[in-house]
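Hydrogens, waters and symmetry mates play no part in the numbers below; they use all other heavy atoms, side chains included.
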There are 2 protein chains.
Amino acid sequence: MRTPSQPKEDVIEKLGEAFRRLGYEGATLAKLSLATGLQKASLYHYFPGGKEDMARAVLDQINGVIQEHVIQPLRSNSPPQDRLKQMVKAVDQFYDGGKLNCLIGIFILSASHKLFENDVRLMLKGWIAALAEVGVAMGVKADVAHQRAQQWVTELQGALIITRGLGSKSVFRRTLNRLPEVILGAGNAN
Amino acid sequence: MRTPSQPKEDVIEKLGEAFRRLGYEGATLAKLSLATGLQKASLYHYFPGGKEDMARAVLDQINGVIQEHVIQPLRSNSPPQDRLKQMVKAVDQFYDGGKLNCLIGIFILSASHKLFENDVRLMLKGWIAALAEVGVAMGVKADVAHQRAQQWVTELQGALIITRGLGSKSVFRRTLNRLPEVILGAGNAN
DNA sequence: GTCTATACGTGGATAGAC
DNA sequence: GTCTATCCACGTATAGAC
């Protein structure tokens, strides 16, 4: 039980960055070792279950971040419009203006997606539900609000792919800006 | 030059299915061999450049399919509404109702994305441009039409991820149905 | 807790028979 | 054109010293 050279949280953070860049299959232990600054054996000390264990830790951490920076602000008692703004800001930071891939997407598309499908599903559902609540607080009927929340999360996922595919951040930016109109069903303000 | 046991096209088709299921990194030669019914050495006969070569062939084939079933119908001289309907039908078939992953997304998120980014970008741009033309034919101003086309393709990519993430086809279905309203900017008809 | 060293399977790729 | 056999690098994972 010697003092760790870095907190486990930091290790998980770095693992997350690596998975984002490389995908699950592409993130080899050698690369994860490089990314964390720990030797492979040390990684196994932290994560006895190996790579799958590391991925799960990353997902757990992400889930925490989402809870803190997305769900909680959405459930605060600020005016609904402000809550949306706060979430947009958090999302913008989290994906670094669209430059970073979405780990949820990475895991969904990976060959080993079955390992993580439950965790991923819960995260998506939680996000959508919290967003729908804000819609309701804005006077939208519950089922419609849910549908619109689902649609925006869908757009966001797509935007993170297309942004990288087109090599331009504009789609990401636009998707963030569209949030209020999507939730309010305000039509496409083009 | 003996007669091949199956046309090269069929081999590429099967490779494509494998890449969709497994991702680029996850598609090992052993699995590609299984998927095609050809031994590894035979695959190298068709694709001397190895896995990268196979992926490129798959992308080329997809590009052909898109040209034939998406771009061409969009540029036909049917009424714009019918052109959209035709594309939706093709897309529905192509992704088998949302069950199949999008190869474009797979390659974009893969660790080796740089190998394919040019091909992918061209395909996306071509699709968006053709879709925007239909918008123009419907009376939408060119720049607005382009933005809306871009938005729908974004939604489609997102839908293919979320559909798998939530394990329900409804998001995919909805995205297909939304095409006309997105292009026309008709607001969210929820 | 972190390391070096190592085991063992699998990855991509090639040689050469038929 | 397809195969079997094989090469070597790299993949995951573990043993054991400090």
Whole angstrom value for the distance that separates P of D/dC3 from CD of B/Q39
5 Å
Polar contact flag, side-chain donor to acceptor under 3.5 angstrom, B/Q151-B/E155
yes
Residue pair A/W152 / A/L131: nearest heavy atoms and the distance that separates them
CE3-CD2, 3.8 Å
Base versus backbone protein contacts along nucleotides 9-18 of chain C [heavy-atom cut-off under 4.0 Å; B, S, -]:
--SBBBB--B
Rounded to the Å, how far apart are A/M54 CE and D/dG11 P?
13 Å
Mind calculating the distance between CG (B/L38) and C1' (D/dT2) to the nearest angstrom?
8 Å
Contacts satisfying side-chain hydrogen bond (donor to acceptor under 3.5 Å, both in side chains) that involve residues 19-47 of chain B (not counting sequence neighbours) are B/E25-B/S112
Spacing of A/L22 atom CG relative to D/dT12 atom P, expressed in whole Å
11 Å
Are the side chains of B/E117 and B/I108 in contact, using a 4.5 Å heavy-atom criterion?
no
Closest approach of B/V140 to B/A145 (non-hydrogen atoms, all atoms of both residues)
CG1-N, 3.6 Å
Quick one: side chains of residues 82-90 of chain A, donor-acceptor pairs under 3.5 Å with protein atoms, not counting sequence neighbours, listed by atom name and distance.
unit_1: A/R83; atom_1: NE; unit_2: A/S76; atom_2: O; d: 3.4
unit_1: A/R83; atom_1: NE; unit_2: A/S78; atom_2: O; d: 2.9
unit_1: A/R83; atom_1: NH1; unit_2: A/L74; atom_2: O; d: 3.0
unit_1: A/R83; atom_1: NH2; unit_2: A/S78; atom_2: O; d: 3.4

A/L43 atom CG is separated from D/dT14 atom P, nearest whole Å, by 13 Å
